2 protein chains.
Amino acid sequence: MFTLSDKTEFIAPIRTGNLAPEHGEYQMQSKFMPAAQPWTSPTKIVGPQIGGAHIAVTYERGQEIYAQGGSADKCYRVSTGAVRVCRILSNGGRQVVSFHVAGEMFGFEAGSQHRYFAEALALTRIVAFEQGLAQQRHLPELLALALEAMERAQEHLLLIGRQSAIERVATFLLDLCERLGGTRQFRLAMSRQDIADYLALTIETVSRAMSELKEQSIISLRHARMVDIRKPDALRSLCGHVAGLS
Amino acid sequence: MFTLSDKTEFIAPIRTGNLAPEHGEYQMQSKFMPAAQPWTSPTKIVGPQIGGAHIAVTYERGQEIYAQGGSADKCYRVSTGAVRVCRILSNGGRQVVSFHVAGEMFGFEAGSQHRYFAEALALTRIVAFEQGLAQQRHLPELLALALEAMERAQEHLLLIGRQSAIERVATFLLDLCERLGGTRQFRLAMSRQDIADYLALTIETVSRAMSELKEQSIISLRHARMVDIRKPDALRSLCGHVAGLS
DNA sequence: CGGCAGATTGAGCAACATCAAGACATGTGG
DNA sequence: CCACATGTCTTGATGTTGCTCAATCTGCCG
């Protein structure tokens with residue numbers, strides 16, 4: 001567990017008229033952020049809010065935000081940085097269930113215990129929201145967030161269940177790009193291993209897929225973590241994706 | 001689209017004190033149902049309720065309950081029978097996102113349109129709940145259901161992402177068994193193709209896994225659809241499953 | 001009985017995993 | 001500055017799982 005010691009501060013609760021009235025708002029929000037280095041963008045925080053007491057905490061890279069089995073009495077918002085939510089399997093493998101970048105909320109669960117654990121991918125600033133009495137007043141927001149999390153999990157399911165390795169990587173890059181504000185160049189906060197565990201592939205296969213995309217000039221890589229999407233349309237067409245509404 | 005013609009009836013709204021106050025109630029509920037043929041259990045319906053106007057409709061095997069792209073203004077409860085929720089992919093494949101048996105609710109989505117479609121697996125009786133004004137009063141229930149759907153999708157993700165073919169089939173059988181009331185013998189409402197599309201396998205691989213389980217006397221099959229779990233513990237140990245809470 | 005849909009079984013193949021070596025970037029100490 | 005160590009990523013060679021294609025079998029209905 002973390003201590004609130006010297007890197008903690010309290011923020012006055014913000015009265016939000018009706019933030020996140022429709023699903024997806026905070027994504028749209030992030031689209032208008034200056035996105036040179038989106039996960040280190042600073043003070044201007046306008047994502048969804050839940051009200052009640054807020055606590056902002058800064059985590060080092062790799063630090064645990066909440067533990068598997070810990071009580072799920074808060075939910076969290078990334079203000080800067082990025083987070084992975086995952087679980088360790090009995091065979092030693094790890095499944096990353098989701099990544100979260102600046103502006104996104106995470107941490108709500110069906111039960112009272114966390115079934116997954118969350119860690120910071122980099123130096124990350126998190127705002128925690130108590131889910132006590134104040135929850136009553138924010139049920140619509142919570143419902144919208146839960147439904148959106150469900151939708152994400154279902155899309156993730158389709159991705160892993162039905163797409164090839166290169167399609168998964170392409171979809172991942174495109175999705176991340178959009179969530180980071182739509183810039184064509186961005187830095188991956190996560191390692192190849194993280195990506196592999198997210199896409200249910202091995203690190204080698206992820207690397208080969210990246211190389212293949214590079215080979216086809218669809219992306220270019222300054223460093224392994226610096227992605228530049230050269231042909232967004234080619235990338236999109238690789239996503240194989242779901243059939244339009246019949 | 002379906003017509004409400006001759007197979008429709010109206011049911012007076014039921015005032016439910018506080019049904020489904022905690023997540024998972026309807027699962028616990030189904031555990032205590034007389035489960036000789038759980039998906040044809042009759043009148044005694046005590047699952048979660050949402051209130052407001054109810055409409056009960058009976059669907060033939062294969063009939064569509066709602067369409068992809070249709071407006072998601074209701075949610076549904078299976079009273080008898082079983083349902084699959086799925087999507088067609090551009091490559092022609094199909095992903096079954098979830099099955100639902102008697103007592104379970106389905107059909108809520110993040111957006112206003114259905115991103116998946118639902119079909120009856122057999123002769124199935126469905127109660128539809130309007131999600132209009134009455135929704136306000138049932139936000140806690142809706143939230144619990146949404147969180148549970150999220151949890152299911154995430155578990156499904158782990159299953160497909162990290163388990164071998166035989167582990168997936170074993171987990172599927174065990175899960176279905178529990179949801180059907182825990183009887184060791186039950187009838188599969190879904191075809192091998194449905195199971196394959198649910199587990200992200202091919203029909204042949206599902207069949208081989210079944211044969212392997214039969215070979216090891218872990219299950220026996222009277223017919224292809226009649227499962228008898230002979231060694232529940234062996235089946236459980238095959239689930240490979242997630243590590244317990246660290 | 002034939003006809004048919006669904007299920008099983010087999011043989012060969014492709015995609016991805018595994019194992020192993022090397023490349024690259026970053027940091028540290030001399 | 002270089003030499004070295006380390007962690008991360010890439011690339012290659014080989015192995016395995018599950019997919020594809022094809023044949024057969026089973027239960028069911030007329």
Side-chain angles (χ1 to χ4, degrees), chain A residues 60-62 84 89 91-96 121-123 159-173 187-216 219-228 238 240, chain B residues 60-62 84 89 91-96 121-122 159-173 187-216 219-227 238 240:
Chain A
E60 301 290 330
R61 185 183 119 119
R84 66 172 172 248
L89 308 175
N91 55 20
R94 181 183 68 160
Q95 179 66 47
V96 173
L121 284 167
L123 187 67
L159 184 65
I160 285 178
R162 293 295 173 198
Q163 309 284 89
S164 70
I166 200 157
E167 289 169 337
R168 294 185 213 182
V169 172
T171 307
F172 168 73
L173 289 175
R187 188 181 145 78
L188 297 171
M190 61 291 286
S191 70
R192 293 290 188 270
Q193 187 65 63
D194 290 324
I195 299 172
D197 290 345
Y198 178 72
L199 297 176
L201 295 169
T202 58
I203 182 175
E204 293 96 334
T205 302
V206 171
S207 189
R208 275 185 254 269
M210 290 286 222
S211 297
E212 178 62 24
L213 292 174
K214 207 168 51 176
E215 191 69 23
Q216 298 182 21
I219 64 171
S220 65
L221 299 174
R222 274 185 137 271
H223 313 285
R225 304 268 186 121
M226 274 305 278
V227 180
D228 185 349
L238 260 180
Chain B
E60 303 290 332
R61 185 182 119 118
R84 66 170 172 249
L89 307 175
N91 55 22
R94 183 183 66 160
Q95 179 66 48
V96 174
L121 285 167
L159 184 65
I160 285 179
R162 294 297 173 196
Q163 309 284 89
S164 70
I166 201 157
E167 290 171 336
R168 294 185 213 183
V169 172
T171 307
F172 168 73
L173 289 175
R187 186 181 146 78
L188 297 171
M190 61 292 285
S191 70
R192 293 289 189 272
Q193 186 65 62
D194 290 325
I195 299 172
D197 289 345
Y198 178 72
L199 297 175
L201 295 170
T202 59
I203 183 174
E204 293 96 333
T205 303
V206 171
S207 190
R208 275 183 253 269
M210 290 286 222
S211 298
E212 178 62 25
L213 292 174
K214 207 167 52 178
E215 190 69 23
Q216 297 182 20
I219 64 171
S220 66
L221 299 174
R222 275 185 136 273
H223 312 284
R225 302 272 188 118
M226 276 303 279
V227 180
L238 260 181

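Below, chains carry the letters A, B, ... as their sequence lines are ordered, and counting in each starts from 1. As the structure is a computational prediction, the values presented were derived from the model and not from experiment.
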Check every atom of D/dG18, C/dG6, D/dT8 against the side chain of B/Arg225 and return the nucleotide holding the closest atom. C/dG6

Send over the distance from B/Arg187 CZ to D/dG27 C1', rounded to a whole Å. 12 Å

Measure the distance from CD1 on B/Ile166 to P on D/dG18 and round it to the nearest whole Å. 9 Å

Specify the residue among B/Arg162 and B/Arg61 whose closest nucleotide of DNA chain C lies further upstream toward the 5′ end. B/Arg61

Value in whole Å for how far the C1' atom of D/dC9 lies from CE of A/Met190: 16 Å

Which sits closer to the 5' end of DNA chain C, A/Arg168 or B/Gln193, going by the nucleotide each is nearest to? B/Gln193

Could you state the atom-to-atom distance from CD1 of B/Ile195 to C1' of D/dG18 in whole Å? 17 Å

Could you pull out all residues at least two apart from A/Ser211 that satisfy side chain to side chain donor-acceptor pair (under 3.5 Å)? none

Length of the line joining A/Asn91:CG and C/dT18:C1', which is rounded to integer Å: 15 Å

Between A/Ile195 and A/Met190, what is the shortest heavy-atom contact and its length? CG1-CG, 3.5 Å

Do B/Glu204 and B/Ser207 touch side chain to side chain, with heavy atoms closer than 4.5 Å? no

Need one value for A/Ala196: base, sugar-phosphate or nothing, where a base atom within 4.0 Å counts as base even if backbone is also close, heavy atoms only. nothing

Atom CZ of residue position B/Arg225 - does it have more than 12 heavy atoms of other residues, nucleotides or ligands inside 6.0 Å? yes

Just by protein heavy atoms under 4.0 Å, how would nucleotides 21-28 of chain C read 5' to 3' in B, S and -? --------

Between atom CG in B/Leu199 and atom P in D/dT17, what is the gap in whole Å? 18 Å

D/dT16 P sits how many Å from B/Gln163 CD, rounded? 21 Å

Whether A/Asp194 and A/Arg94 form a salt bridge (side-chain N of Lys/Arg under 4.0 Å from carboxylate O of Asp/Glu) is what I want to check. yes

For nucleotides 8-11 of chain C, give me every protein contact, N/O to N/O, under 3.5 Å, one pair per line with atom names.
from: C/dT8; atom 1: OP1; to: B/Arg192; atom 2: NH2; distance (Å): 3.1
from: C/dT8; atom 1: OP2; to: B/Arg192; atom 2: NE; distance (Å): 2.7
from: C/dT8; atom 1: OP2; to: B/Ser207; atom 2: OG; distance (Å): 2.8
from: C/dT8; atom 1: O5'; to: B/Ser207; atom 2: OG; distance (Å): 2.9
from: C/dT9; atom 1: OP2; to: B/Ser211; atom 2: OG; distance (Å): 2.3
from: C/dG10; atom 1: N7; to: B/Arg208; atom 2: NH1; distance (Å): 2.8
from: C/dG10; atom 1: O6; to: B/Arg208; atom 2: NH2; distance (Å): 3.2

Do you see a donor-acceptor pair shorter than 3.5 Å between the side chains of B/Gln95 and A/Arg162? yes

Give the C-alpha distance, both sets of side-chain angles, the deciding distance and a yes or no for side chain to side chain contact (heavy atoms under 4.5 Å, CB included) between B/Gln216 and B/Glu212. CA-CA 6 Å; B/Gln216 297 182 20; B/Glu212 178 62 25; 2.6 Å; yes

Roughly, in whole Å, what's the span from CD in A/Glu167 to C1' in C/dC16? 14 Å

Ionic contact status for A/Asp228 with A/Arg187, cut-off 4.0 Å: no

Which pair of heavy atoms, one from A/Ala170 and one from A/Leu238, lies closest together, and at what distance? CB-CB, 3.9 Å

